[in-house]
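Each remark here refers to the structure printed beneath this line.
Atom set for the values below is all heavy atoms of this structure, side chains included, hydrogens, waters and symmetry mates excluded. We count ligands from 1, going down the list as the structure has it; atoms in each ligand are counted the same way. Counting begins at 1 with the first residue of the sequence.
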Amino acid sequence: MDVVNMDGVDVNTSVQVKSFFDSAPALKDATGISNKLTQFIDKNSSLSGSEGPRRVVCVTSGGTTVPLEQRCVRYIDNFSSGHRGATSTEYFLKAGYSVIFLYRRGTCQPYCRSLPDDPLLECFELTNDSSIQVHEPYSEAVKIAISGHHEAVSGGFLLKLPFTTIFEYLQILRLIATSMKNLGPNAMFYSAAAVSDFYVPWESMAIHKIQSASGPLDLRLAQVPKMLLVLRKEWAPTAFCVSFKLETDKEILLEKAGNALKRYKMHAVVANELMTRKEVVILVTDSGQVSVHRENDNSDVESPLIKQLVEKHSSYIKEINT
Ligand code: PAZ
């Protein structure tokens, strides 16, 4: 039998969470991040949208790394490109949300999807008088990227916060969640990041580069505590919470997504398969499962997905407020 705290988190998870944060290396510039968050939330909570107070969504994006050494030379990583998070951010902004974009450094950024991998070198060229001009095939993409990004950032609707390691990610997520608490049901979490399931606790991690001369490497990885439950129950109990479930085996995907919905008390779980994740996702809620497809090869599956989530969020806000 699970012993459960007042807030619905089992005691075992609470102990693991406490030990994770107590032993994690201190977050660099925690005060700077908190100040940015306070400013962003204060500004946005005083604004109104078409259906009441402006909504704020925290979109998490990209994969967390697991360092193997404190002075890190090697780390465990995962495949996530950040495309889902970046694309979804654009659609949330379009739907009138403000977005806190918690992203892995170096991954895909909102409005930059149509740019080449090395935009500086490929989009721009030097003219004969040594000034810089946009290389013709990219001029439209560059205009869209600059104007979309500028409008969102200078309007104060997009706050971008980078992370690399699992330690940074979870510490920043906790700061975000606690600063969004006052937004009540107008807050949403859209957890598209691929978060490591296992990690090396800081205190048992080698300090210096692990030496190959010591022979084969035995690593013992601890389980990352189930933070989704803590997010939902402790950090942001009134927010609308959406998580993602990725599997490579279709047979177990829906079962795992259904379990996540119940176990972490999510309002919706987006189930996707690795190979088809850009074409189709399945939205799993208490009311059942709905397949969401992109309209054609040139469109984004995030467009209909965000539309459906915005509708579900509206119903949730109405329900809470009545
Ligand atoms: O970042 P990306 O666009 O390459 O992939 C998106 C994704 C598959 C990481 C995301 O849709 C997702 O399922 N995130 C959660 C993964 C998980 O921990 O199960």
For K245, the ligand 1 atoms with a heavy-atom partner under 4.0 Å come out as 19 (O)

Spatial distance of atom OG (S46) from atom CZ (R54) [nearest 0.5 Å]: 10.5 Å

Looking only at distances, can you tell me whether any N or O atom of G82, backbone or side chain, sits closer than 3.5 Å to an N or O atom of ligand 1? yes

Where the closest heavy atom to atom 11 (O) of ligand 1 is concerned, which of T107, N272, V301 has it? N272

of all protein heavy atoms, closest to atom 5 (O) of ligand 1 is R277 NE, 3.1 Å

Would you check if T165 and T64 make a side-chain contact, meaning some heavy-atom pair closer than 4.5 Å? no

Nearest to atom 3 (O) of ligand 1, what protein heavy atom do you find, and at what distance? R84 N, 2.9 Å

Would you mind telling me which of F240, Y97, F92 makes a ring-ring contact (aromatic ring centres under 6.0 Å, His included) with Y190? F92

Looking only at N/O atoms, are S191 and ligand 1 under 3.5 Å apart anywhere? no

Is F40 close to I100 at the side-chain level, that is, under 4.5 Å between some pair of heavy atoms? yes

Nearest protein heavy atom with distance in Å, relative to atom 16 (C) of ligand 1: L246 CB, 3.7 Å

Could you check atom 1 (O) of ligand 1 against the protein and tell me its nearest heavy-atom contact, residue, atom and distance included? S80 OG, 2.6 Å

Ring of F163, cation from R104 - is the NZ or CZ under 6.0 Å from the centre and inside 45° of the axis? no

Give me the residue, atom name and distance of the protein heavy atom closest to atom 14 (N) of ligand 1. A192 O, 3.0 Å

Considering only the protein, which heavy-atom contact is closest to atom 2 (P) of ligand 1, and what is its distance? S81 OG, 3.4 Å

Please determine which of R84, K94, R113, R294 meets the salt bridge (Lys or Arg N to Asp or Glu O under 4.0 Å) test together with D300. R113

Which atoms of ligand 1 have any heavy atom of A193 under 4.0 Å away? 14 (N), 15 (C)

Inspect the surroundings of NZ in K278 and state if more than 12 heavy atoms from other residues, nucleotides or ligands are less than 6.0 Å away. no

Could you go through the ring-ring contact (aromatic ring centres under 6.0 Å, His included) check for Y316 and H267 one step at a time? CA-CA 9 Å; Y316 172 76; H267 298 103; 4.6 Å; yes

